[in-house]
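Please read the structure below before turning to the comments.
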Protein chains: 2
Amino acid sequence: MVVVPRQTRQRAEILDLLEDLDEFRSAQQLHEMLRARGSSVGLATVYRAVQSLSEHGDVDVLRTEDGESVYRRCAQRSHHHHLVCRSCGRTVEIDAGQAEAWAAQVGAAHGFDDVDHIIELVGTCASCRAAATA
Amino acid sequence: MVVVPRQTRQRAEILDLLEDLDEFRSAQQLHEMLRARGSSVGLATVYRAVQSLSEHGDVDVLRTEDGESVYRRCAQRSHHHHLVCRSCGRTVEIDAGQAEAWAAQVGAAHGFDDVDHIIELVGTCASCRAAATA
DNA sequence: CTCTTGCTGAGACTGGTTCCCACCATAACG
DNA sequence: CGTTATGGTGGGAACCAGTCTCAGCAAGAG
């Protein structure tokens with residue numbers, strides 16, 4: 001009795017859109033883009049879709065500095081982290097084995113169990129750096 | 001012409017309160033606590049104060065999962081990270097030299113400069129673990 | 001085909017945060 | 001020490017992301 005989300009036009013359109021994008025987008029941006037494409041999808045539906053997708057590990061979620069949640073379809077389905085360009089939004093997926101080992105070790109040193117971690121890296125990518133110094 | 005915040009009763013009271021606490025608190029919680037103490041400080045003022053304090057590095061800010069900002073007066077004024085107990089909120093400050101070195105190295109490997117990082121650890125502390133298994 | 005059940009969407013609602021603006025206290029200046 | 005400009009204060013309105021409501025609809029089971 002596993003709960004599998006029903007396959008609907010709206011969900012398909014949202015996934016399609018996410019496939020086309022390679023940067024993190026907010027639910028509101030996705031909604032706008034869908035409307036621009038001419039499909040009539042409700043904002044609430046977009047929220048529900050990205051939420052269920054993220055629960056199933058099909059998309060990754062990040063929180064921006066101003067508290068907005070942004071979503072991205074990721075190549076790696078396993079746990080990983082992101083290195084995001086602060087200027088153009090280009091995102092690189094990182095396997096963070098080393099950082100995870102560090103986290104577990106630090107937790108143990110302070111008597112903490114089940115240590116989860118939030119690790120995100122923000123930098124300036126090579127091409128933006130070049131553009132800035134030009 | 002450096003902008004130094006004016007010293008007022010309200011700001012002093014907020015800092016005092018933060019000194020007494022050793023867990024992260026939201027602006028709203030701080031506001032409530034101040035009112036409970038009998039001091040009439042506006043909510044807007046609390047927001048302004050914690051904001052300016054965090055900009056000056058006098059308090060640390062974290063975002064909870066539901067998008068609330070929480071604040072804490074930290075012992076270390078230099079850059080550091082936190083290991084928070086998910087059950088009791090107990091917080092340990094971590095010097096994360098190793099993680100930072102890793103972040104810089106990963107950034108460089110992908111051609112990224114000025115790599116900032118967000119690293120937070122959440123776990124279950126020894127005493128909460130004991131209480132849970134009791 | 002029919003029925004059940006989950007999905008949809010418009011708009012109302014919530015809760016955290018910021019803005020507005022008249023009033024007030026601080027600090028600088030004479 | 002009084003005056004003044006400047007920035008802080010506070011209450012409420014405004015804002016915005018996100019959630020809830022509920023009637024209508026459509027996917028999938030039987």
Side-chain angles (χ1 to χ4, degrees), chain A residues 1-18 21 23-56 58-72 89 118 120, chain B residues 1-18 21 23-56 58-72 89:
Chain A
M1 208 174 130
V2 190
V3 187
V4 177
R6 199 170 278 185
Q7 186 177 333
T8 64
R9 173 184 60 83
Q10 292 86 342
R11 273 166 147 70
E13 283 178 355
I14 291 167
L15 250 179
D16 270 10
L17 176 56
L18 282 166
L21 301 169
E23 286 171 27
F24 282 91
R25 299 289 185 191
S26 71
Q28 316 238 11
Q29 285 178 314
L30 295 173
H31 179 237
E32 244 178 75
M33 293 169 117
L34 287 170
R35 301 295 262 221
R37 281 189 177 191
S39 88
S40 62
V41 178
L43 180 56
T45 301
V46 176
Y47 275 108
R48 279 184 294 241
V50 290
Q51 215 162 315
S52 95
L53 285 170
S54 75
E55 274 161 21
H56 283 252
D58 294 319
V59 301
D60 278 6
V61 197
L62 245 59
R63 307 218 43 134
T64 63
E65 250 171 72
D66 48 309
E68 212 178 4
S69 294
V70 287
Y71 304 87
R72 179 180 192 262
I118 300 166
E120 296 300 339
Chain B
M1 212 177 117
V2 189
V3 187
V4 177
R6 200 170 278 186
Q7 187 177 333
T8 63
R9 173 183 61 83
Q10 292 88 340
R11 273 168 146 71
E13 284 178 353
I14 291 167
L15 249 181
D16 271 9
L17 175 57
L18 282 167
L21 300 169
E23 286 172 26
F24 282 91
R25 300 287 185 190
S26 70
Q28 316 240 11
Q29 284 177 315
L30 295 172
H31 179 238
E32 244 177 73
M33 292 170 118
L34 287 170
R35 301 295 263 222
R37 280 189 178 190
S39 88
S40 64
V41 177
L43 180 57
T45 302
V46 176
Y47 274 107
R48 278 185 296 243
V50 290
Q51 215 164 316
S52 95
L53 284 169
S54 75
E55 273 163 20
H56 283 250
D58 293 320
V59 300
D60 278 5
V61 198
L62 244 59
R63 284 252 175 199
T64 64
E65 250 171 72
D66 48 310
E68 214 178 3
S69 294
V70 286
Y71 304 88
R72 180 177 191 263

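Every chain is numbered from 1 and lettered A, B, ... according to where its sequence line falls, protein lines coming before strand lines.
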Heavy atoms from C-beta onward define the side chain here; which of dG9(C), dG18(D), dT17(C) lies closest to that of Ser69(B)?
dT17(C)
Sorted by chain and residue number, the ring-ring contact (aromatic ring centres under 6.0 Å, His included) partners of Phe24(B) (sequence neighbours excluded) come out as His82(B)
Quick one: side-chain hydrogen bond (donor to acceptor under 3.5 Å, both in side chains) partners of Gln28(B), sequence neighbours excluded?
Tyr47(B)
Listed by chain and number, what are the side chain to side chain contact (heavy atoms under 4.5 Å, CB included) partners of Arg48(B), not counting sequence neighbours?
Ala44(B), Thr45(B)
Atom-to-atom span, CD of Gln10(A) to C1' of dA26(D) - whole angstrom:
9 Å
CZ of Arg11(A) versus C1' of dA26(D): gap in Å, rounded?
13 Å
Find the distance Glu68(A):CD to dG16(C):P and express it as a whole number of Å.
18 Å
Length of the CD1-P vector between Ile14(B) and dT9(D), whole Å
7 Å
To the side chain of Ala44(B), which of dT19(D), dG12(D), dG9(C) is closest?
dG12(D)
At 10 degrees resolution, what angle do the end axes of the helix from dC1(C)-dG30(D) to dG30(C)-dC1(D) form when each is taken over five base pairs?
30°
For the side chain of Pro5(B), counting heavy atoms from C-beta on, which of dG8(D), dC7(C), dA10(C) is nearest?
dG8(D)
Enumerate the salt bridge (charged side-chain N to carboxylate O under 4.0 Å, His left out) contacts for residues 33-44 of chain B, please, sequence neighbours excluded, ordered by first and then second residue.
Asp20(B)-Arg37(B)
Name all residues meeting the side-chain hydrogen bond (donor to acceptor under 3.5 Å, both in side chains) criterion together with Glu23(A); count only those two or more places apart in sequence or in a different chain, and write none if there are none.
none
Using a 4.0 Å cut-off on heavy atoms, which residues in residues 23-43 of chain A reach DNA chain D? List them by number, or say none.
Gln28(A)
Holding to salt bridge (charged side-chain N to carboxylate O under 4.0 Å, His left out), I want the full list of residues that pass it with Arg72(B), two or more places apart in sequence or in another chain.
Glu93(B)
Minimum-distance nucleotide (side-chain atoms of Tyr47(B) versus dG16(C), dT19(D), dG9(C))
dG16(C)
Side-chain polar contacts of residues 4-18 of chain B - donor-acceptor pairs under 3.5 angstrom, sequence neighbours left out - could you list them?
residue: Thr8(B); atom: OG1; partner: Arg11(B); partner atom: N; Å: 3.3
residue: Arg11(B); atom: NH2; partner: Ser52(B); partner atom: OG; Å: 3.4
residue: Glu13(B); atom: OE1; partner: Ser39(B); partner atom: OG; Å: 3.0

Between protein and nucleotides 24-30 of chain C, map the contacts as a letter string: B base, S sugar-phosphate only, - none, heavy atoms under 4.0 Å, written 5' to 3'.
-BBS---
Please list, chain by chain and in numerical order, all residues satisfying side-chain hydrogen bond (donor to acceptor under 3.5 Å, both in side chains) with Thr64(A), sequence neighbours excluded.
Asp66(A)
Partners of Ser40(B) by side-chain hydrogen bond (donor to acceptor under 3.5 Å, both in side chains), sequence neighbours excluded?
none
Nearest-angstrom distance from the residue atom CZ of Arg48(A) to C1' of dG9(C):
7 Å
